[in-house]
Protein chains: 2
Amino acid sequence: MTESQAKLAPTLAESPARTVERILSAAARLFAERGMAGVGLREITAEAGVNLAAVNYHFGSKEKLLEALFARRALPITQERMRLLGRCAEAPGRQPMLEQVLEGFLRPAFSLGREAGVDGATFGKLRARLSVESVELYRRILSQAFDASTAAFLEAVVAALPDLPRAEVEWRFHFMLGTMLYTMADSGRIQSITGGTCQPSDAEMALAKLVPFLCAGFRAPPTA
Amino acid sequence: MTESQAKLAPTLAESPARTVERILSAAARLFAERGMAGVGLREITAEAGVNLAAVNYHFGSKEKLLEALFARRALPITQERMRLLGRCAEAPGRQPMLEQVLEGFLRPAFSLGREAGVDGATFGKLRARLSVESVELYRRILSQAFDASTAAFLEAVVAALPDLPRAEVEWRFHFMLGTMLYTMADSGRIQSITGGTCQPSDAEMALAKLVPFLCAGFRAPPTA
DNA sequence: GTCTATACGCGGATAGAC
DNA sequence: GTCTATCCGCGTATAGAC
């Protein structure tokens with residue numbers, strides 16, 4: 001707390017007063033690995049090396065802890081998304097507009113979030129789980145974190161496909177969310193079916209396969 | 001249990017000895033609505049009108065109950081899938097092979113499972129939730145229920161796209177699973193973003209939008 | 001302000017009475 | 001076969017140490 005502590009901080013110290021960070025870090029990893037219901041506060045606090053009650057003191061509840069964790073991780077993703085969207089432009093030598101927009105939407109989701117010891121893929125799993133739940137709290141968390149930037153991308157796709165009715169674009173955008181989230185979830189199903197030749201955990205490969213697939217789908221003729 | 005009971009069964013009876021059925025029915029509805037962690041055994045047994053311990057007596061555990069429930073619901077889906085796959089054929093006046101195969105795969109998932117008071121959509125939500133979890137038990141349940149029929153459909157898609165490398169087909173098949181499961185989950189995200197014009201809960205509409213989108217994606221040129 | 005020890009109520013699970 | 005009583009671990013709340 002005081003400056004003297006910071007000055008004297010030993011190399012191998014327990015990093016006192018960083019309780020909040022330690023909890024967030026442990027919770028991020030454990031929630032993402034085993035889900036909200038699969039891990040208890042006692043395990044989180046043990047891993048973080050703090051007292052059980054610290055979670056409720058600093059965050060208020062297990063759910064609020066998730067909320068805090070999520071807000072922190074989602075921000076860099078949406079920021080990077082908006083930055084990439086701003087860079088999209090029709091120009092000779094560049095990819096078509098639709099490809100640029102989809103890549104701008106998908107890449108941050110796959111590659112970002114590597115802070116505080118939890119990589120982006122792990123956070124992606126947590127996000128994918130929350131995304132299929134119908135718990136009101138989870139829907140609120142996701143809405144708050146992603147709706148604004150996602151809506152901006154939907155508009156960009158609508159603009160990139162002027163001949164497609166808006167309703168059609170919305171359906172296909174919904175399908176895109178499905179492919180994105182299911183790939184982030186890395187459920188192991190496709191490996192189970194094929195024997196492991198296809199590895200959704202390879203983010204760069206997933207992007208390379210996903211963007212052309214989705215663009216072709218978006219460009220299909222409108223449904224009768 | 002005995003024949004005499006069946007003969008004398010009163011119209012409004014508590015249906016004794018149908019305890020197992022009553023539990024399965026209640027659990028199917030509640031699990032699908034609020035997820036595995038969101039509902040307790042006390043609520044399930046109360047709804048079923050049976051004693052708390054009956055679940056553990058008849059099934060062994062909450063997880064085993066889920067397993068039993070899932071096996072029962074998945075079977076009609078895979079059976080219908082295989083029946084439709086057998087009917088797929090290249091013929092004048094019919095849709096192209098790929099469209100037939102995808103429709104055969106997707107339609108039973110969206111429309112089937114209406115037994116014991118729980119409609120297909122509700123079961124679909126449960127299925128979608130399990131599908132993004134990394135709990136070993138859930139993976140085993142899904143594998144056991146769906147791997148065989150799914151593998152058969154993967155082969156059919158490979159055959160319908162002879163110019164596409166197998167690895168490419170596998171990636172796209174994986175993407176298809178994502179669109180299917182996310183649509184079944186009916187997460188409310190697309191409604192939240194668009195204001196509700198697109199309704200994934202409309203199974204017939206979802207199929208009509210999904211099949212052309214996916215076929216176009218499958219038919220995209222192979223990735224470099 | 002931070003953190004700890006401790007207690008309460010509820011969850012799934014189980015042993016044993018009937 | 002069925003039910004009651006009980007167990008242990010969970011999230012949570014709080015009193016008080018530092």
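Lettering follows sequence order; numbering is per chain, from 1.
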| query | Is the phosphate of C:dC3, meaning OP1 or OP2, less than 4.0 Å from a side-chain N or O of A:T19? | reply | yes

| said: Rounded to whole Å, please give me the gap between CD1 in A:I44 and P in D:dG11. | reply: 7 Å

| request: Look at the aromatic rings of A:F213 and B:F175 and report parallel, tilted or perpendicular, splitting at 30° and 60°. | output: tilted

| Short side-chain N/O contact from B:H58 to OP1 or OP2 of D:dG1, under 4.0 Å | no

| request: Round to the nearest Å and state the distance from A:L66 atom CG to D:dT12 atom C1'. | output: 17 Å

| What integer distance in Å separates B:Y57:OH from C:dG12:P? | 21 Å

| field | Between C:dT2 (P) and A:N51 (CG): distance, integer Å | value | 15 Å

| Between the base of D:dG9 and the side chain of A:R42, is there a donor-acceptor distance below 3.5 Å? | no

| query | Under 6.0 Å from the CE atom of B:M82, do we count more than 12 heavy atoms belonging to anything else shown? | reply | yes

| For DNA chain D, whose closest nucleotide is more 5', that of A:M36 or that of A:A53? | A:M36

| said: How close do A:E43 and A:V39 get, counting heavy atoms only, and between which atoms? | reply: OE1-CG2, 3.6 Å

| said: Rounded to whole Å, how long is the line connecting atom CG of B:L52 with atom C1' of D:dC7? | reply: 13 Å

| said: Rounded to whole Å, how long is the line connecting atom CZ of B:R22 with atom P of D:dT2? | reply: 13 Å

| note | Contacts of B:V39 and A:V50 projected onto DNA chain C by closest heavy atom; the upstream (5') one is A:V50

| request: Provide, to the nearest angstrom, the distance between the NZ atom belonging to A:K62 and the P atom belonging to D:dG9. | output: 16 Å

| request: Could you check how far CD1 of A:I23 sits from C1' of D:dG11, rounded to whole Å? | output: 14 Å

| request: Taking all non-hydrogen atoms of both residues into account, name the closest pair between A:Q191 and A:C198 and its distance. | output: CG-O, 3.6 Å

| request: On the 0 to 90° scale, with breaks at 30° and 60°, tag the B:F70-B:F146 ring pair as parallel, tilted or perpendicular. | output: perpendicular

| If you check every side-chain atom of B:L41, which of C:dT14, D:dG11, C:dA13 has the closest atom? | C:dA13

